[in-house]
Asks: 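Once you've had a glance at the structure underneath, I'll fire off some questions.
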2 protein chains.
Amino acid sequence: MRISELSRSTGVPVPTIKYYVREGLLPPGELTSRNQAIYDETHERRLRLIRALLDVGGLKVAAIAEVLRAVDDPARPVHKVLGAVADQLGTARSEDDDAESLAAGAAVAELIARRGWSAHASDPAARDLARALAAMERVGHGAFRELLDDYAEAAELVARADLGYVDRRVAVDDLVESVVIGTVLGAAVFHAMRRLAHVDASARLFGQDTAADAERKVAD
Amino acid sequence: MRISELSRSTGVPVPTIKYYVREGLLPPGELTSRNQAIYDETHERRLRLIRALLDVGGLKVAAIAEVLRAVDDPARPVHKVLGAVADQLGTARSEDDDAESLAAGAAVAELIARRGWSAHASDPAARDLARALAAMERVGHGAFRELLDDYAEAAELVARADLGYVDRRVAVDDLVESVVIGTVLGAAVFHAMRRLAHVDASARLFGQDTAADAERKVAD
DNA sequence: GCAAGCGGATAGTGGCGCTATCCGCTATCT
DNA sequence: AGATAGCGGATAGCGCCACTATCCGCTTGC
């Protein structure tokens with residue numbers, strides 16, 4: 001397969017494919033001469049994965065490069081890959097040591113203890129959670145903490161479902177890739193689902209014209 | 001309060017405040033002369049909200065402008081505001097009419113019917129969900145659909161919690177703003193929580209050194 | 001009376017995900 | 001054998017976005 005066919009079969013423009021290769025997201029084609037290379041279905045598959053992580057997962061190109069490095073690592077301990085993926089999904093970078101952040105960090109540590117989770121408050125995900133709670137506090141919604149256990153319940157439900165799914169796919173396909181896809185795209189799926197559930201809840205509470213509104217909105 | 005004090009009290013640089021005013025995120029200060037204006041605690045509050053939606057919620061400046069326009073609308077039907085917010089949280093823009101998208105759209109319509117949700121498949125959230133499922137299909141994970149009902153269960157749980165929270169805040173504070181904050185920041189909270197639950201699940205499945213890994217990672 | 005700060009306007013910056021162009025070479029068609 | 005389309009690789013540029021820097025003439029407060 002030449003690059004133009006790879007482009008056609010995936011819908012990704014040729015210059016973009018070249019760009020992905022440059023950025024280390026996609027392995028280069030195998031050279032058959034100084035300026036001719038062939039690509040196969042692994043490239044096609046990888047390209048589709050890249051687009052999914054980019055368009056639906058919302059990951060940055062650099063983040064995808066790091067995730068794929070972990071995926072391609074021959075000695076790939078699954079939970080390390082999961083950790084690499086989870087880190088790229090986050091936002092927190094700097095240390096926050098204002099009053100709200102410290103309080104939020106303590107609340108997160110309590111939650112982890114209460115839930116008996118095998119995670120540490122220094123985990124990037126825990127830091128992001130603390131960041132979000134600190135932001136809630138700053139806009140006068142510190143009381144949102146009361147929902148943490150409900151959220152945790154739902155998160156456990158989702159995590160259990162994800163694990164079961166990955167477990168079922170072990171024999172079928174590449175385990176590591178399943179974990180990556182489940183984690184990243186699963187987040188997008190849940191995010192959309194939560195919005196949909198809110199639409200339903202809002203319709204029940206505030207009026208029954210929501211579906212009609214949606215119709216009209218789409219017609220615009 | 002002058003602009004420099006507003007900047008000091010919120011941590012937002014003065015030129016950035018001016019930028020937000022230009023973009024319509026923040027109302028201008030009240031002029032006391034041709035080139036002097038005063039700001040009050042409503043500006044402070046609004047500025048904190050903007051930063052939360054931007055930094056934690058991940059909304060774009062233009063999206064925040066649209067959300068705040070809805071919030072400030074004197075005749076503000078709550079479910080309209082919620083709709084405006086939900087739309088800004090999404091990603092889908094174009095029509096997808098390939099095979100995967102059509103199948104995914106049908107799956108979403110079925111889910112909505114099965115759940116009895118008062119939402120329509122043309123709702124932006126439903127489209128985003130279909131988009132995510134189509135992406136799953138394209139990377140060979142069409143079987144992920146088996147998890148949809150588990151996800152829906154979790155989403156309902158979260159939506160119920162959110163509604164209860166908003167209900168509790170009706171008397172206390174501005175209802176519309178609570179809805180916005182709960183929707184946007186709640187998404188960030190859940191996203192972090194899901195990652196945390198995955199860390200726990202991964203630790204249980206693949207090894208008990210995850211907490212130690214997190215410690216080491218932070219030390220880097 | 002004068003430096004510091006102000007509101008407002010305009011232009012510039014850095015990061016990111018591409019995209020356009022050019023080069024010399026090769027595969028393929030006639 | 002010659003023409004043409006396409007190739008890999010390199011470099012430069014683009015469009016968007018969230019700021020940021022600079023400048024202007026004008027107050028304010030010491």
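Only a predicted model underlies this, so the values are computations on that prediction, with no experimental measurement involved. Just so you know, these numbers use all the heavy atoms, side chains as well, and skip hydrogens, waters and symmetry mates. All chains are named by letter (A, B, ...) in the order of the sequence lines, taking the proteins before the strands, and each is independently numbered beginning at 1.
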Asks: Side chains of residues 50-68 of chain A: which donor-acceptor partners sit under 3.5 Å, not counting sequence neighbours?
Replies:
residue	atom	partner	partner atom	Å
A:Arg51	NH1	A:Tyr20	OH	3.0
A:Glu66	OE2	A:Gln88	NE2	3.1

Asks: Any ion pair linking A:Asp98 and A:Arg138 (charged N to carboxylate O, less than 4.0 Å)?
Replies: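 Looking at A:Arg138 and A:Asp98, the cut-off is met.
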Asks: Quick check on A:Arg2: does its CZ atom have over 12 non-hydrogen neighbours (other residues, nucleotides or ligands) under 6.0 Å away?
Replies: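 Incorrect, the count does not exceed 12.
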Asks: Holding to side chain to side chain contact (heavy atoms under 4.5 Å, CB included), I want the full list of residues that pass it with A:Ser7, two or more places apart in sequence or in another chain.
Replies: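 So A:Ser7 forms a side chain to side chain contact (heavy atoms under 4.5 Å, CB included) with A:Val14, A:Ile17.
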Asks: Please name all residues satisfying side chain to side chain contact (heavy atoms under 4.5 Å, CB included) with A:Leu31, sequence neighbours left out, ordered by chain then number.
Replies: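 Result, side chain to side chain contact (heavy atoms under 4.5 Å, CB included) vs A:Leu31: A:Ala37.
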Asks: The criterion is side chain to side chain donor-acceptor pair (under 3.5 Å); which residues satisfy it with A:Glu177, sequence neighbours excluded?
Replies: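 Partners of A:Glu177 by the side chain to side chain donor-acceptor pair (under 3.5 Å) criterion, ordered by chain and then number, come out as A:Arg45.
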Asks: Could you state the CD-P distance from A:Glu5 to C:dT28, rounded to the nearest angstrom?
Replies: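 To the nearest whole Å, that distance equals 13 Å.
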Asks: Which letters describe nucleotides 19-30 of chain D, given B = protein heavy atom under 4.0 Å from base, S = only from sugar-phosphate, - = neither?
Replies: BB----BBSS--
Asks: Would you mind reading off the distance between A:Glu23 atom CD and C:dG17 atom C1', rounded to a whole angstrom?
Replies: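 Spelled out: CD on A:Glu23 to C1' on C:dG17 is 9 Å.
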Asks: Roughly how many Å is it from CZ in B:Arg8 to C1' in C:dA4, rounded to a whole number?
Replies: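 Distance, rounded to whole Å: 13 Å.
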Asks: Which angle, to the nearest 10 degrees, lies between the helix axes at the two ends of the helix from C:dG1-D:dC30 to C:dT30-D:dA1, each defined by five pairs?
Replies: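 Roughly 10° between the end axes, to the nearest 10°.
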Asks: How close or far is atom P of D:dA10 from atom CD1 of A:Ile3, stated in whole angstroms?
Replies: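 Between P of D:dA10 and CD1 of A:Ile3: 13 Å.
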Asks: Find the distance A:His43:NE2 to D:dG8:P and express it as a whole number of Å.
Replies: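 Taking atom P of D:dG8 as the reference, NE2 of A:His43 is at 11 Å.
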Asks: Using the ring pair (Phe, Tyr, Trp, His ring centres under 6.0 Å) criterion, which residues pair with A:His43? Sequence neighbours excluded.
Replies: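 Only A:Tyr39 meet the ring pair (Phe, Tyr, Trp, His ring centres under 6.0 Å) criterion with A:His43.
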Asks: Give the rounded distance in Å between these two atoms: CG of A:Leu53 and P of C:dC16.
Replies: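 Between P of C:dC16 and CG of A:Leu53: 18 Å.
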Asks: Rounded to whole angstrom units, what separation is found between the CD1 atom of A:Ile17 and the P atom of D:dG6?
Replies: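 From A:Ile17 CD1 to D:dG6 P: 15 Å.
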Asks: Could you tell me how far apart B:Tyr39 (OH) and C:dG8 (C1') are, to the nearest whole angstrom?
Replies: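 From B:Tyr39 OH to C:dG8 C1': 10 Å.
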Asks: Check salt bridge (charged side-chain N to carboxylate O under 4.0 Å, His left out) between A:Glu23 and all other residues, then give those that pass, not counting sequence neighbours.
Replies: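 Checked A:Glu23 against salt bridge (charged side-chain N to carboxylate O under 4.0 Å, His left out); zero matches.
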Asks: Which residues pass the ring pair (Phe, Tyr, Trp, His ring centres under 6.0 Å) test with B:Tyr165, sequence neighbours left out?
Replies: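 Partners of B:Tyr165 by the ring pair (Phe, Tyr, Trp, His ring centres under 6.0 Å) criterion, ordered by chain and then number, come out as A:His141, A:Phe144.
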